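Report on the following structure.
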Amino acid sequence: MAHTNYPLAYLSLMRDVMGEDYDAWTAAQEAPLFRVVRLNPTKLDESAFLKEFPEAVRLVDYPGLLFRMPESEHSLGSHPFHHAGCFYIQEASASLPVEAMNIQKGDKVLDCCAAPGGKSTQILSMLDESGLLVSNEIDTQRNQTLRFNLQRFGDDNLLVTQNDTAILGNVFRGYFDKILVDAPCSGMGMYRKDPSGIRYFSQKNIDHCVIMQKDILRNVYPSLKENGILVYSTCTFTLVENEQQIASFLADHPDMVIEDLPFTIGRAGISTGNDDLRKSRRITLLEGGEGHFICRMRKTSSESIPRISTLQQNSDVVVRNALAGWFDVKIPTYEINGHIYLSRIVLPYSDLLRITQAGVYLGDVVKGRIDLDQACASSKIARDHFIQKQLLTYDEALTYLRGETLPIAGIKGFVLLSYKNQPFGWAKGDLTILKNHFPKGIRSFQKFSEKRK
């Protein structure tokens, strides 16, 4: 989108932010968008990914496993690896807030404004089936999108909640090692990617975002333990939503100190009376990203010990018998609002939490049987422990993803389908064919690539 279509007030703001680089920034607006995927190394290693996508180019300036994808591959979302959760389509600079957290295995992590889920899936990749992620989104529709994206990655060290951040801060007091506040913002860094956002540019919208950001930071602060890390990020450029927001938070919480980020991408933050704000980073088009602001802070004060109970396991006979026939190990199950979930770890619980997913969503009990859900098909539990599996060729996988039956005989009952050992869907055999159980709403109606060899 040509920068000449941007509001004059926005361009004036960017002139102040970019300084002597403003002309270079405006010229960069004409550059074409390009697609980037972030590899999930807990499912697929780099060599296997490049064997499947030999024209992908690693973004070596970024710390994560990011790859620029060629335009010839025109439907990444229809590839079996995408449905299996082997990669996530993500704008490059959006990966940096999670990199700033320096997540270690075993960490308890909160992503408190998590939809659509890209950063939460990245956190899960770094946890690598250890620790815990609480992924929160208060908006109902966005929470559904969040769960859909998380389910492809298939981790069970996960709790998805739909709560106001004030409740999270109270329930999880002193609980988390790391917190990500990827705050709702005016979204100026996404104008090239999504020009429709320009219609919302106004001082009124910016002021509204500032109030929400301030509330969220104040609300989640109590849930961070001593020496815990809080990363604040936005995809916008205003001082009032970024450096000035952090300065205000520090004034109210002097026990929080700004730390250097573990990367040098971008430009130093703008000092607003506190030189430590220069430790934050702004990423613009000139640094190979659309636009992000990132600041990392550490809590130096002590917190009270968290008082939170654990989710109680389900003991339904129907569920227990079904799992015994499907899986080669015993897996704890949980029931929430009629839905059945699987998790091999102890999950936190409180009556104040509105939980929308606890571990892996298995399905629902319907008329004395379990209706298996697609969410479980791409899970690591199913990958490692579902007994009946069927490996598909690439063409067979595409046939399945289009919703068609597969002429594969000799299988009775539910079977987990995989492409190159990466499971992505259920089918049900009657000994003559495999009936398709891939949800109609996410089926693919075109081939992934006409140029595929």
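These numbers were taken from a predicted model, which means no experiment stands behind them.
In this structure, a donor-acceptor pair under 3.5 Å is absent between the side chains of S125 and T42. With hydrogens and angles left out, the side-chain atoms of R173 and N170 include no donor and acceptor closer than 3.5 Å. Inspection of the T393 and D395 side chains reveals no N or O donor paired with an N or O acceptor under 3.5 Å. Between T284 and E287, the side chains place a donor N or O and an acceptor N or O closer than 3.5 Å (distance only, hydrogens not considered).
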Begin from the C-alpha positions of E290 and R192 and carry the test salt bridge (charged side-chain N to carboxylate O under 4.0 Å, His left out) through to its verdict. CA-CA 8 Å; E290 292 298 321; R192 276 195 351 124; 2.9 Å; yes

### Worked verdict on S233 versus F293 for side chain to side chain contact (heavy atoms under 4.5 Å, CB included)
CA-CA 5 Å; S233 64; F293 170 85; 6.0 Å; no

TODO: In sequence, state the C-alpha distance, the side-chain angles, and the governing distance for L362 and L372, and then conclude on side chain to side chain contact (heavy atoms under 4.5 Å, CB included).
DONE: CA-CA 6 Å; L362 175 69; L372 269 178; 3.5 Å; yes

Check: Should E129 and K105 be marked as a salt bridge (charged side-chain N to carboxylate O under 4.0 Å, His left out) after you check the CA-CA gap, both sets of side-chain angles, and the distance that decides it?
Finding: CA-CA 8 Å; E129 300 185 71; K105 290 186 178 182; over 6 Å; no

After noting the C-alpha distance and the side-chain angles of L417 and L434, does the key distance pass the side chain to side chain contact (heavy atoms under 4.5 Å, CB included) rule? CA-CA 10 Å; L417 304 180; L434 295 183; 4.0 Å; yes

task = Give the C-alpha distance, both sets of side-chain angles, the deciding distance and a yes or no for side-chain hydrogen bond (donor to acceptor under 3.5 Å, both in side chains) between T238 and E241.
result = CA-CA 6 Å; T238 68; E241 295 180 80; 2.9 Å; yes

Exercise for review: Give the intermediate values and the outcome of ring pair (Phe, Tyr, Trp, His ring centres under 6.0 Å) for residues Y334 and Y341.
Suggested key: CA-CA 5 Å; Y334 304 89; Y341 299 91; 8.5 Å; no

Margin query: side chain to side chain contact (heavy atoms under 4.5 Å, CB included) for R296 and I258? Distances and angles first, verdict last.
Written below: CA-CA 6 Å; R296 169 184 163 125; I258 299 177; over 6 Å; no

Determine whether K119 and D111 satisfy the following criterion, salt bridge (charged side-chain N to carboxylate O under 4.0 Å, His left out), listing intermediate values before the conclusion.
CA-CA 8 Å; K119 294 176 178 65; D111 185 358; over 6 Å; no

* Asked: side-chain hydrogen bond (donor to acceptor under 3.5 Å, both in side chains) between T234 and N242: does it pass, once the steps are laid out?
  -> CA-CA 7 Å; T234 72; N242 295 323; 2.6 Å; yes

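Rounded to the nearest 0.5 Å, atoms CD (E91) and CZ (R35) are 14.5 Å apart. Atoms CD1 and CG, from I345 and L159 in turn, are 8.5 Å apart once rounded to the nearest 0.5 Å. Between atom NZ of residue K299 and atom CG of residue L230 there is a gap of 9.5 Å, rounded to the nearest 0.5 Å. One distance of note links CD of E99 with CD1 of I294; it measures 9.5 Å at 0.5 Å rounding. The distance from the CG atom of L124 to the OG atom of S135 is 7.5 Å, given to the nearest 0.5 Å. With rounding to the nearest 0.5 angstrom, the CG atom of L146 is 7.0 Å from the OG1 atom of T356.
Applying the side chain to side chain donor-acceptor pair (under 3.5 Å) test between Q357 and each of Q162, H339, Q151 identifies Q151 as the sole match. The side-chain contact (heavy atoms from CB on, under 4.5 Å) test with L158 is passed by exactly one of L132, V360, L150: L150.
Using a 4.5 Å heavy-atom cutoff, the side chains of T161 and V134 are in contact. The closest side-chain heavy-atom distance from D107 to L127 is below 4.5 Å. Between F67 and L50 there is a side-chain heavy-atom pair separated by less than 4.5 Å. Within the 4.5 Å cutoff, the side chain of E226 has no heavy atoms near those of the S301 side chain. In this structure the side chain of N136 never reaches within 4.5 angstrom of the side chain of C113, judged on heavy atoms. For the pair L406/N436, no side-chain contact is recorded, criterion being any heavy-atom separation below 4.5 Å from C-beta on. Inter-residue side-chain proximity for F424 and L392 is flagged as met; some heavy-atom pair is nearer than 4.5 Å. Between I206 and M188 the shortest side-chain heavy-atom distance falls below 4.5 Å.
Salt-bridge formation is not detected for the pair E303/K225: no Lys NZ or Arg NE/NH1/NH2 atom is positioned less than 4.0 Å from an Asp or Glu carboxylate oxygen. The existence of a salt bridge linking K412 and D430 is excluded, since no basic side-chain nitrogen approaches an acidic carboxylate oxygen closer than 4.0 Å. Salt bridge K380/D156: absent, no basic N to carboxylate O contact under 4.0 Å. Using a 4.0 Å cut-off between a side-chain N of Lys or Arg and a carboxylate O of Asp or Glu, E137 and R142 qualify as a salt bridge.
A side-chain donor-acceptor contact under 3.5 Å links R320 to the backbone of S315. When atom types are taken as modelled, the side chain of Q245 and the backbone of V210 share a donor-acceptor pair closer than 3.5 angstrom. With hydrogens and angles disregarded, a donor-acceptor distance shorter than 3.5 Å links the side chain of N163 to the backbone of R354. Checking side-chain atoms of R199 against main-chain N and O of S196 turns up a donor-acceptor pair under 3.5 Å. Under a 3.5 Å cut-off, the side chain of N149 and the backbone N or O of P116 do form a donor-acceptor pair.
At most 12 heavy atoms of other shown residues, nucleotides or ligands fall within 6.0 angstrom of atom NZ in K193. Crowding of D328 atom CG: a count of heavy atoms from other residues, nucleotides or ligands under 6.0 Å exceeding 12. In the displayed structure, L33 atom CG is contacted under 6.0 Å by more than 12 heavy atoms of other residues, nucleotides or ligands. Crowding of R307 atom CZ: a count of heavy atoms from other residues, nucleotides or ligands under 6.0 Å not exceeding 12.
Between Y221 and H253, the ring planes are tilted. Angles from 30° to 60° get that label. Below 30°, between 30° and 60°, or above 60°: for F81 and Y419 the angle between ring planes is between 30° and 60°, a tilted geometry. Relative orientation of the H83 and F438 rings is perpendicular, given thresholds of 30° and 60° on the angle between their planes. The aromatic rings of H79 and Y394 sit tilted, their planes meeting at an angle between 30° and 60°.
Between Y400 and W426, the distance separating the two ring centers is not shorter than 6.0 angstrom. Between F386 and F327, the distance separating the two ring centers is shorter than 6.0 angstrom. Taking the ring centroids of H82 and Y88, they lie at or beyond the 6.0 Å cut-off.
Judged by the 6.0 Å and 45° rule, K108 forms a cation-pi pair with Y175.
The nearest pair of heavy atoms linking R344 to I331 is CG-CG2, 4.2 Å.
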